[in-house]
Amino acid sequence: MCQSSVVIRKLSSHTNRLVPRLFCASVRALVDISKEIQKRRTFAIISHPDAGKTTLTEKLLLYGGAVQLAGSVTARKNQRATTSDWMELERKRGISISSTVLQFDYNGYRINLLDTPGHKDFSEDTYRVLTAVDSVVMVIDSAKGIEPQTRKLFEVCRQRGIPIFTFMNKCDRPMKSPLELLDELERVLGIGAFPVNWPIGTGFEFKGVYDRQARQFHLFERTVGGQHRAPVSVGGIDDPEIRGRLDEETFRQTVEELEVLEAAGHTFDPGAVLAGRTTPVFFGSGINNFGVQLLLDGFLRYSPPPQPRSARIVNGGDAREPSGAAGNGANGLQVVQPENPHFSGFIFKIQANMDPKHRDRIAFVRICSGRFERDMLVHHSRSRRKVRLSSSHKIFGNERETVNEAFPGDVIGLVGYDSFGIGDTLTTDPRILYREIPRFTPEAFAYLHNPNTAKFKQFRQGLDQLLQEGVIQALYLRDATAKVPVLAAVGPLQFEVVQYRLESEYGAASRLEPAPWTLVRWLPAGFSEEQLDQLVLPTGARIAYDMGKHPVILFSTEWSANYFAETNRDCRLSATPVQIDDAEEQAIRQPANSSPA
C-alpha cells in the first residue's frame with residue numbers, strides 16, 4: 001500500500017469521528033438558543049396620558065423584584081422618583097418624554113420592558129418602540145375608558161399583529177361599570193375581551209379581584225404610598241375569612257356579576273390572544289398595587305416569546321426578492337426565525353447623555369436572531385462595513401452594566417458608535433436587512449436660532465445629536481440667505497424638549513421662532529433642480545430639503561397644498577418621507593472621495 005493511501009485512510013477515520021462531534025455541538029447550541037428564546041418576553045406599555053402607565057411600569061418592577069421600593073410620578077421630595085423616567089425634564093413635568101428600556105429576571109423569565117411616552121407629541125418615539133416588541137400591555141383609566149391616544153396606539157399594534165393585554169387601572173376610584181368597560185373594548189376597538197379577573201367592589205369600596213381561572217378571591221390591603229407589595233388574602237368563595245372581610249352587598253353584587261359572565265359562555269382561548277382577536281382583561285389599581293401580581297403572572301403565562309421577523313434579502317448592496325420557498329412572493333420579504341444561527345438585530349432608538357457624567361451615545365438594539373457575544377464582528381448595513389461590538393450593555397433606566405451575551409428578544413445598548421443610525425441592521429449575515437422603522441410626517445414647524453455665537457460649537461453639536469436621535473427633523477430652505485434650520489416635529493412639545501436638552505446637556509441656550517407652515521409634502525425621488533425651478537408655488541409656500549437632501553414643499557394651509565396639486569398636475573406629492581435604501585443613504589452621507597463602504 002502506498003504512503004498516500006495510508007494518509008487518506010487516517011484522515012478519513014479522523015473525519016468520521018470529528019463530524020458527529022461537530023454535529024452534536026451544533027445541535028446543543030441550537031437547543032441552548034431555543035431554551036433562551038422561550039425564556040424571553042419583550043413588551044411595551046401603552047396608554048393615553050395620565051392613565052397610569054409609568055406608575056404601572058414601576059409596580060411591575062416592584063413585583064418582579066427589580067426594585068425594592070416603588071416610586072411615584074407625584075412623589076414628594078423625600079421620596080424617590082420613578083425608575084423609568086430618568087430624564088430631569090421628565091421628573092419636573094411628571095410625564096414620560098422618552099421611551100425607556102428596563103431589563104430584569106423574574107420567575108425564570110428574562111423580561112425586556114419598554115416604557116413609552118403617552119403624550120401624542122412624542123408618539124413617534126412610541127411607534128418606533130412598538131417595532132421592537134412582541135406584545136403590549138394597554139393601560140386604560142377605568143373612569144374614562146377608551147381615549148384618543150389609546151385608540152391610535154391600538155391601531156398601530158393591530159396593523160403589526162401585536163398581541164394586546166389590557167389592564168383596567170384606577171379601580172379604587174370612581175369608575176365606569178366593569179361590564180360597560182368590556183363592551184367599550186369590543187365596540188370601539190373591535191376586539192374580543194375576556195376578563196381574566198373581576199373587580200370586587202369599585203371606587204372607594206374596591207377590595208381586590210376575583211381570579212376567574214383559579215376561582216379565588218384576592219383581597220388586598222393598602223400600603224403607605226403604595227411603595228411596598230400590598231398584603232393579600234387569598235381564598236375560595238366559601239372561605240370564612242374572605243366572607244368576613246366583605247360586606248353582604250359587595251359580596252352579592254360580585255357573585256351576580258360573575259354568574260352573568262359565566263352565563264355568557266365565553267371560554268379563554270390563548271390562540272385568539274396570540275392572533276390579536278382577543279385581549280385578556282385584568283382589573284386593578286397600579287398606585288395601590290392591587291392586581292399587579294396577577295397581571296404580571298398572567299401576562300408571562302400567555303404572552304408570546306420572540307417572534308420571527310421579516311427581512312429583505314440583499315446581495316451586493318442591492319435588494320432582491322428571495323426565490324423559492326425561502327421567501328414570500330407577495331411582498332418580497334423573507335422570514336428570519338429567532339433560531340436562525342446568524343446573529344441579527346436592528347437599532348430602534350438612539351439616546352445621548354443618559355448618564356450626565358459621560359457625554360456618550362447609546363444605540364438600542366432589538367436582537368432578532370442568533371446569539372450576541374461581546375466583541376463579535378458584525379456587518380453594519382448603513383456603512384456596509386464590519387464593526388466590532390465591544391461596548392455592549394444591559395439597560396435598566398439610566399443604569400447600565402456590561403453584557404457578554406444576549407439572545408433574540410433581548411434589548412441591548414451599544415455605546416460609542418457614531419456611525420449608527422435609527423433603523424440600521426447589525427448582522428453576521430450581510431444578506432439580512434430589516435426595514436422595521438416607520439417614517440413620520442411632521443405637523444409642527446419652527447426656526448431654531450443660536451443667540452450666543454460663542455456657544456456655536458456646543459449648539460451645533462447638541463442639535464446634530466438630537467437630530468440623530470430622531471427627536472426632531474431638520475429642513476433647510478432652498479435659496480435661504482442664512483442656513484437656519486427649520487425644525488419639524490410631530491408635536492410642539494418636542495421643541496421644548498430640544499431647547500431644554502440643548503441647555504442642560506450642552507450648555508447652549510436657543511431661541512425658538514414659530515414658522516408660518518403647517519404641513520410638508522415630499523416631491524418624487526430624483527426630482528432635479530431644473531424641475532424645481534419650473535414649479536408654480538402658491539403664496540407662502542417654500543421649497544426645502546430634508547436631512548437626506550430630498551426636496552420638500554412647505555405649505556401654510558391644506559388649501560395651499562391642494563392649490564399646488566391643481567396647478568402642477570404632473571408633480572405628485574407624498575405625505576410621507578421618501579423611502580431610500582442603504583446604498584443611496586450611504587452615498588448621501590459620505591463624501592465622494594471617502595473610502596468605499
Side-chain angles (χ1 to χ4, degrees), residues 120-128 131 152 155-156 159-160 312 319 331-332 421-423 435-448 467-468 470-492 494-495 513-589:
K120 63 182 179 64
D121 284 9
F122 307 111
S123 57
E124 189 169 357
D125 194 20
T126 300
Y127 293 162
R128 290 189 189 123
T131 66
K152 288 182 181 179
E155 290 300 332
V156 174
Q159 291 169 10
R160 296 190 59 84
R312 293 168 64 192
N331 54 21
I422 293 174
R435 285 297 193 191
E436 294 278 357
I437 304 299
R439 299 171 72 94
F440 301 89
T441 304
E443 299 176 4
F445 304 88
Y447 291 105
L448 188 68
L467 290 172
Q468 286 184 331
V471 176
I472 34 86
Q473 299 179 42
L475 305 174
Y476 295 92
L477 296 177
R478 187 179 187 233
D479 302 326
T481 55
K483 195 178 179 181
V484 177
V486 177
L487 298 191
V490 173
Q494 289 177 281
F495 298 145
E513 177 188 349
W517 307 290
T518 61
L519 67 155
V520 61
R521 294 292 182 264
W522 272 258
L523 289 160
F527 216 72
S528 67
E529 292 294 320
E530 291 75 14
Q531 289 173 301
L532 291 176
D533 291 334
Q534 295 172 7
L535 293 177
V536 179
L537 297 179
T539 302
R542 290 289 301 271
I543 296 174
Y545 297 94
D546 66 11
M547 292 186 293
K549 298 185 179 179
H550 295 284
V552 304
I553 302 180
L554 293 161
F555 297 101
S556 55
T557 63
E558 187 74 40
W559 180 91
S560 180
N562 294 334
Y563 177 80
F564 175 88
E566 288 292 327
T567 55
N568 299 269
R569 292 183 178 274
D570 294 334
C571 180
R572 306 189 67 178
L573 298 178
S574 172
T576 55
V578 173
Q579 298 289 335
I580 59 176
D581 60 28
D582 283 298
E584 182 182 348
E585 186 165 346
Q586 174 66 15
I588 290 170
R589 289 176 176 269

>> Within this structure, what is the CG-CD1 distance for the pair Leu475 and Ile472, rounded to the nearest 0.5 Å?
In response: 9.5 Å
> Listed by chain and number, what are the side-chain hydrogen bond (donor to acceptor under 3.5 Å, both in side chains) partners of Glu443, not counting sequence neighbours?
Replying inline: none
> Within a strict 4.5 Å, meaning less than it, do heavy atoms of the Phe555 and Thr518 side chains meet?
Replying inline: no
>> Among residues at least two apart in sequence or on other chains, which ones pass salt bridge (charged side-chain N to carboxylate O under 4.0 Å, His left out) with Glu513?
In response: none
> Got a sec, which residues hit side chain to side chain contact (heavy atoms under 4.5 Å, CB included) with Ile422, two or more places apart in sequence or on another chain?
Replying inline: Arg128, Ile350, Ile437
> Hey, which of Leu573, Ile553, Thr441 is the one that makes side-chain contact (heavy atoms from CB on, under 4.5 Å) with Val520?
Replying inline: Thr441
> What closest approach, in Å, do Pro442 and Trp522 show between heavy atoms, and which atom pair accounts for it?
Replying inline: CD-CH2, 3.8 Å
> What is the minimum heavy-atom distance between Leu535 and Phe564, and which atoms define it?
Replying inline: CD2-CZ, 4.0 Å
> Which pairs count as salt bridge (Lys or Arg N to Asp or Glu O under 4.0 Å) when at least one residue sits in residues 473-482, sequence neighbours excluded?
Replying inline: Arg478-Glu529, Arg478-Asp533
> Do His550 and Leu523 have side-chain heavy atoms sitting under 4.5 Å apart?
Replying inline: no
>> Can you list everything that forms a side chain to side chain contact (heavy atoms under 4.5 Å, CB included) with Gln531? Sequence neighbours excluded, please.
In response: Phe527, Ser528
>> Whether Arg160 and Glu436 form a salt bridge (side-chain N of Lys/Arg under 4.0 Å from carboxylate O of Asp/Glu) is what I want to check.
In response: yes
> Who pairs with Arg542 by side chain to side chain contact (heavy atoms under 4.5 Å, CB included), at least two apart in sequence or on another chain?
Replying inline: Leu477, Trp517
>> Please check: side-chain N/O of Ser560 versus main-chain N/O of Pro538, any donor-acceptor pairing under 3.5 Å?
In response: no
> In chain order, what residues pass the salt bridge (charged side-chain N to carboxylate O under 4.0 Å, His left out) check against Glu566, with sequence neighbours excluded?
Replying inline: Arg569
> How far apart are the closest heavy atoms of Tyr447 and Pro514, and which atoms are they?
Replying inline: CD1-O, 4.3 Å
> Are any non-hydrogen side-chain atoms of Val156 and Lys152 less than 4.5 angstrom apart?
Replying inline: no
>> So Leu487 and Gln473, do their side chains get closer than 4.5 Å, heavy atoms only?
In response: no
>> Please enumerate all residues that pass ring-ring contact (aromatic ring centres under 6.0 Å, His included) together with Tyr563, with sequence neighbours excluded.
In response: Trp559
> Can you name the nearest heavy-atom pair linking Ala489 to Phe495, along with the distance?
Replying inline: CB-CE2, 3.7 Å
>> Would the distance check show the side chain of Asp546 and the main-chain N or O of Lys549 forming a donor-acceptor pair, the cut-off being under 3.5 Å?
In response: yes
> If you look at every heavy atom in Pro524 and Cys571, which pair is closest and at what distance?
Replying inline: CD-SG, 4.3 Å
>> So, using ring-ring contact (aromatic ring centres under 6.0 Å, His included) as the criterion, who are the partners of Phe445 when residues are at least two apart?
In response: none
>> For Leu537 and Ile543: C-alpha separation, side-chain torsions, deciding distance, then whether side-chain contact (heavy atoms from CB on, under 4.5 Å) applies.
In response: CA-CA 9 Å; Leu537 297 179; Ile543 296 174; 3.9 Å; yes
>> So does Gly491 get a backbone contact from the side chain of Gln494, meaning a donor-acceptor N/O pair under 3.5 Å?
In response: yes
